[in-house]
Amino acid sequence: MDSLPEHLLPVPVGREPLPKEVVQEHQRARVLEATIELFAKRGYQGTTVDHIVSAGKIGVGSFYSLFGGKQGCFLAAYRRIVEEGSLRIEEAIPRSAAWPDRLLVGLRTLLGLIEEKPLAARVALVEVQTAGTEALAEHARNLDQVADLLRSGREASACADELPPTLEFATVGGLAWFLQERIAAGEIDAAALLPDVLEIVAEPYLGEQATAELTARA
């Protein structure tokens, strides 16, 4: 019992017990932390419910009550990674800066997160590809949202009229593939990857010279 957090220890006589929702949220957070590591190291297909309940220190019944099954647990972990990463990137981007500088900060923050949390990055960009149709569909929707955000780069482009209508989807798809390959190979040095990522994302809008200048500023 000494290993439990203080707020989860047995309630002394006369004190009100914690609400069930608080206890469940603690369990949920603990299981998701363990799940991210498991899926990253064992792969989605190689991870079982037994692995998860053992690593998360939770009963099988409680696990199914919280997540419904392995795929539900994966989706919860994936959503947590995406939400936390999106918040970090949003907070880092200076709203009053020009589009190239906002893009630079956003991409640099993304790469920094990948380097900082390689297991979470592997779950969100690599293992999601093998986690079933629902996970793939949600991942595709997230990529579409990134493409929508990227479209504002047309306003900063001197050749906006020449850009194809599918540019954003192709760019985001190419970036996702590039990052998947680097993560799978264990090559996640943020500083080393930034020039290649800027070439993929910025160059179609800014051109080669302006992208090189942006890279130099980085």
Side-chain angles (χ1 to χ4, degrees), residues 36 39-40 77-131 135-136 138-160 162-218:
I36 290 170
F39 284 132
Y78 171 81
R79 289 164 184 158
R80 177 178 173 177
I81 294 167
V82 170
E83 288 171 4
E84 290 181 354
S86 299
L87 181 60
R88 283 275 295 273
I89 293 170
E90 182 180 349
E91 290 176 342
I93 295 176
R95 297 184 180 181
S96 60
W99 182 83
D101 294 311
R102 297 200 308 272
L103 179 67
L104 171 61
V105 173
L107 292 175
R108 188 165 55 194
T109 304
L110 170 63
L111 293 174
L113 282 169
I114 292 173
E115 184 174 17
E116 176 187 338
K117 299 183 177 182
L119 298 182
R122 187 176 185 92
V123 170
L125 287 167
V126 178
E127 293 306 322
V128 69
Q129 305 292 325
T130 67
L136 280 173
E138 183 158 336
H139 186 55
R141 288 193 294 271
N142 288 333
L143 295 183
D144 286 347
Q145 290 179 1
V146 176
D148 289 340
L149 292 173
L150 189 59
R151 192 166 285 109
S152 61
R154 292 173 180 262
E155 299 173 7
S157 177
C159 56
E162 302 172 14
L163 298 177
T166 58
L167 172 63
E168 286 74 25
F169 296 104
T171 300
V172 172
L175 175 62
W177 178 86
F178 175 81
L179 294 177
Q180 289 161 15
E181 292 294 302
R182 300 288 77 76
I183 292 168
E187 300 169 357
I188 47 178
D189 182 326
L193 292 178
L194 184 57
D196 289 333
V197 168
L198 284 171
E199 182 179 342
I200 292 169
V201 181
E203 191 167 309
Y205 298 93
L206 305 178
E208 185 176 350
Q209 181 177 344
T211 300
E213 293 172 357
L214 188 65
T215 303
R217 292 211 304 274

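Both backbone and side-chain heavy atoms feed into the values below; hydrogens, waters and symmetry mates do not.
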Considering all heavy atoms, the nearest [X]-[Y] contact:
X: Pro165; Y: Glu168; result: O-OE1, 3.9 Å
X: Ile81; Y: Ala120; result: CD1-O, 3.5 Å
X: Ile36; Y: Val123; result: O-CG2, 3.5 Å
X: Ala190; Y: Glu115; result: CB-OE1, 3.1 Å
X: Ser157; Y: Leu163; result: OG-CD1, 3.9 Å
X: Cys159; Y: Tyr205; result: SG-O, 4.5 Å

Mind checking whether [X] and [Y] have side chains closer than 4.5 Å, heavy atoms only?
X: Pro94; Y: Val105; value: yes
X: Lys117; Y: Arg122; value: no
X: Leu194; Y: Thr215; value: no
X: Tyr78; Y: Glu127; value: no
X: Trp99; Y: Glu155; value: no
X: Arg79; Y: Val82; value: no
X: Ile114; Y: Leu193; value: no
X: Leu149; Y: Gln145; value: no

To the closest 0.5 Å, what do you measure between [atom1] ([X]) and [atom2] ([Y])?
X: Arg95; Y: Glu90; atom1: CZ; atom2: CD; result: 6.0 Å
X: Leu150; Y: Leu103; atom1: CG; atom2: CG; result: 7.0 Å
X: Leu206; Y: Thr211; atom1: CG; atom2: OG1; result: 4.5 Å
X: Asp101; Y: Leu214; atom1: CG; atom2: CG; result: 6.5 Å
X: Leu107; Y: Asp196; atom1: CG; atom2: CG; result: 12.0 Å
X: Leu179; Y: Leu125; atom1: CG; atom2: CG; result: 6.0 Å

Subject >> Whether over 12 other heavy atoms sit under 6.0 Å from Glu208 CD >> reply: no
Original post:
So among Val146, Val201, Thr166, which one has a side chain to side chain contact (heavy atoms under 4.5 Å, CB included) with Thr171?
Top reply: Val201
Original post:
Quick one: do Arg88 and Glu84 make a salt bridge, cutoff under 4.0 Å?
Top reply: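 Result for this pair is no, no salt bridge flagged.
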**OP:** Flag the pair Asp148 and Arg151 as a salt bridge only when some basic side-chain nitrogen lies within less than 4.0 angstrom of an acidic carboxylate oxygen.
**Re:**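 A salt bridge links Asp148 with Arg151.
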**OP:** In sequence, state the C-alpha distance, the side-chain angles, and the governing distance for Ile89 and Leu113, and then conclude on side-chain contact (heavy atoms from CB on, under 4.5 Å).
**Re:** CA-CA 9 Å; Ile89 293 170; Leu113 282 169; 4.1 Å; yes
Original post:
Sub-3.5 Å donor-acceptor pair from the side chain of Arg102 to the main-chain atoms of Ala97, do we have one?
Top reply: yes
